[in-house]
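Throughout, residue positions are numbered sequentially from 1 according to the sequence presented. Atoms considered below: every heavy atom in the structure, side chains included; atoms not considered: hydrogens, waters and symmetry mates.
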Amino acid sequence: MDWKELPLEQLLERTRENQPSAWDELLRRYQPVIEELVAQRMANNAPLGVNPSDVEQNVVMLALSELARFRGQSEGELRKWLKKLVVSCAEDMRRHATRQKRDESGVLSLDASEAQHLPMEQRTASQFTLQQENWRRL
């Protein structure tokens, strides 16, 4: 079958039927659209540490997993859906890149030999439960 000649509606139908060649053709046709949408989005909101190719890759992976939920049939609907995916992925990656990371300089691994001999500062769940039961009895 010549996938390149297949109209978009039929290509979407075949893609929803999990035909890998149909997905490959859909991606071939719309990869430039995804690149363009990512470039537009990143031109305005390019956070540090976020690479456009990473956003493109995430959009493709999300599109693959979410295509069954896409109900549109036209090229305009597909472009609008792809744009929503780009915005969502770019925003998620921006949040992740700008998220304040935890300072782990004073953290001691529980597997470390030093941690085996340290007294616990907090009660265990069973100790807490025992204390609650004692309070109820009083």
Margin query: Contact between Leu64 and Leu27 at the side-chain level, heavy atoms closer than 4.5 Å - yes or no?
Written below: no
Item checked: From Leu37 atom CG to Cys89 atom SG, the distance as rounded to the nearest 0.5 Å -> 12.0 Å
Next item on the list: For the residue pair Glu36 and Val33, establish whether any side-chain heavy-atom pair is separated by less than 4.5 Å.
Entry: no
Notebook entry, point to check: Do Glu66 and Arg69 sit within salt-bridge range, that is, some charged N less than 4.0 Å from a carboxylate O?
Noted result: yes
Notebook entry, point to check: Are the side chain of Thr15 and the backbone of Leu11 linked by a donor-acceptor contact shorter than 3.5 Å?
Noted result: yes
Notebook entry, point to check: Is Arg28 paired with Glu25 through a side-chain N to carboxylate O contact shorter than 4.0 Å?
Noted result: yes
Notebook entry, point to check: Should we count CD of Gln31 as having more than 12 external heavy atoms under 6.0 Å?
Noted result: yes
Notebook entry, point to check: Under 4.0 Å between a Lys/Arg side-chain N and an Asp/Glu carboxylate O for Glu77 and Arg71?
Noted result: no
Margin query: Let me check something: do Phe128 and Leu130 share a hydrophobic cluster, defined by ILVMFWY side-chain heavy atoms less than 4.5 Å apart, either directly or through other members?
Written below: no
Notebook entry, point to check: Given Trp23 and Leu67, is the side chain to side chain contact (heavy atoms under 4.5 Å, CB included) satisfied, shown in steps?
Noted result: CA-CA 10 Å; Trp23 172 251; Leu67 190 62; 4.0 Å; yes
Checklist line | Gap between atom CG of Asn51 and atom CE of Met42 - 0.5 Å precision | finding: 7.5 Å
Checklist line | Atom pair CG/CD of Leu78 and Glu9 - distance to nearest 0.5 Å | finding: 10.5 Å
Next item on the list: Measure the CZ-CG distance between Phe70 and Leu12 for me, rounded to the nearest 0.5 Å.
Entry: 6.0 Å
Next item on the list: Would you check if Leu6 and Arg29 make a side-chain contact, meaning some heavy-atom pair closer than 4.5 Å?
Entry: yes
Note to self: Hydrophobic cluster membership, with links at side-chain heavy-atom distances under 4.5 Å among I/L/V/M/F/W/Y: are Leu82 and Val87 in one?
What the structure shows: no
Next item on the list: Show your working on salt bridge (charged side-chain N to carboxylate O under 4.0 Å, His left out) between Arg94 and Glu91 and close with a plain yes or no.
Entry: CA-CA 5 Å; Arg94 184 198 61 77; Glu91 186 60 24; 2.4 Å; yes
Next item on the list: Kindly compute the distance separating CD1 (Ile34) from CD (Gln57), expressed to the nearest 0.5 Å.
Entry: 11.5 Å
Notebook entry, point to check: Is the shortest heavy-atom distance from the side chain of Tyr30 to the side chain of Leu8 under 4.5 Å?
Noted result: yes
Note to self: Please determine whether residues Leu85 and Met61 belong to a single hydrophobic cluster, defined as Ile, Leu, Val, Met, Phe, Trp and Tyr linked transitively by side-chain heavy-atom distances below 4.5 Å.
What the structure shows: no
